[in-house]
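Okay, structure first, notes after.
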2 protein chains.
Amino acid sequence: MMDPFQAHCEMEVTLAVISGKWKADIVRILSEGTPRRYGFFQKNLPEVTPKILTNQLRELENAGILTRAIYPEVPVRVEYQLTEAGTGLLPILEAMERWAQSYTKKFQ
Amino acid sequence: MMDPFQAHCEMEVTLAVISGKWKADIVRILSEGTPRRYGFFQKNLPEVTPKILTNQLRELENAGILTRAIYPEVPVRVEYQLTEAGTGLLPILEAMERWAQSYTKKFQ
DNA sequence: CTGAATCCAACGGGATACTG
DNA sequence: CAGTATCCCGTTGGATTCAG
């Protein structure tokens with residue numbers, strides 16, 4: 001992850017938090033509000049390998065974007081969901097989606 | 001630059017366009033609307049080397065975020081300014097700045 | 001003044017196999 | 001089920017020097 005503390009301006013903190021090949025996908029999956037399990041991400045993002053998936057989830061967790069809840073059942077259950085800070089990113093991601101749509105129209 | 005055409009969802013196109021160590025700074029500098037010259041970026045971003053500055057400017061130009069105008073005077077003058085697509089990014093960058101402010105308050 | 005050329009280091013991401 | 005452990009590779013960013 002790009003280091004937020006060497007950001008030259010504040011918006012780069014936000015960029016640092018969301019930059020990562022699968023982070024936007026993960027946040028999008030969690031945007032419904034339903035807690036999701038590790039296997040759910042694997043099914044919905046079949047191209048991401050376990051190591052990378054764990055890496056992206058941990059970085060988002062450390063950044064305070066999502067929580068990781070462990071239920072010590074057998075077999076173990078782990079659930080991820082967005083924090084308040086993570087939910088606050090959703091309007092930005094939606095704005096990015098709208099911008100990309102008009103951008104793609106113009107340039108293709 | 002991350003390849004926009006391998007994006008898994010549309011917002012990643014936007015992320016691909018703005019991801020780069022100095023791109024947000026460049027767009028922020030151009031956000032006033034005044035055309036700016038190469039040397040202006042060098043003065044205001046003293047840590048970026050010529051190669052990298054050129055690289056970031058070219059990628060933004062190729063993405064259609066800014067224009068590069070060459071005036072064949074002696075010495076040559078080159079001016080950069082935001083396109084309409086580039087201007088459309090400003091509300092998103094401002095939203096990212098606001099999010100980062102409340103985020104930094106919570107986590108520090 | 002506005003870059004280009006060369007060489008190099010660091011980091012993020014990935015393939016594959018294995019585990020509590 | 002939900003990850004770890006190794007090894008590997010491409011891309012990005014950077015230092016330095018040179019040029020139209």
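Side chains are part of it too, since the values below use all heavy atoms of this structure and drop only hydrogens, waters and symmetry mates. These numbers come from a predicted model, not from an experiment. Below, chains carry the letters A, B, ... as their sequence lines are ordered, and counting in each starts from 1.
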Which ones in residues 31-49 of chain A lie close to DNA chain C, meaning a heavy atom under 4.0 Å from one of its atoms?
Thr49(A)
Residues in residues 51-58 of chain A with a heavy atom under 4.0 Å of DNA chain D, by number, are Lys51(A), Thr54(A), Arg58(A)
When you check the phosphate oxygens OP1 and OP2 of dG3(D), does a side-chain N or O of Tyr80(A) lie under 4.0 Å from one of them?
yes
Rounded distance [0.5 Å steps], CD1 in Ile26(B) versus CZ in Phe40(B):
12.5 Å
How large an angle, rounded to 10°, do the end axes of the helix from dC1(C)-dG20(D) to dG20(C)-dC1(D) enclose when each is built from five base pairs?
60°
Quick one: does Thr104(B)'s side chain get under 4.5 Å of Glu10(A)'s, heavy atoms only?
yes
Contacts of Glu79(A) that satisfy side chain to side chain donor-acceptor pair (under 3.5 Å) - sequence neighbours left out:
Arg77(A)
Need to verify one output field. Residue with the more 5' nearest nucleotide on DNA chain C, Pro50(B) or Val76(A)?
Pro50(B)
Phosphate OP1/OP2 of dG3(D): any Arg68(A) side-chain N/O under 4.0 Å
yes
Within the 4.5 Å heavy-atom criterion, are Glu12(A) and Lys21(B) side-chain neighbours or not?
no
Considering residues at least two apart in sequence or located in another chain, which fulfil the side chain to side chain contact (heavy atoms under 4.5 Å, CB included) criterion with Glu84(B)?
Lys106(A)
Group every Ile, Leu, Val, Met, Phe, Trp and Tyr by side-chain heavy-atom contacts under 4.5 Å, then state whether Tyr71(A) and Leu30(A) land in the same group.
no
Residue pairs involving residues 35-48 of chain A (criterion side chain to side chain donor-acceptor pair (under 3.5 Å); sequence neighbours excluded)
Glu32(A)-Arg36(A), Tyr38(A)-Thr54(A)
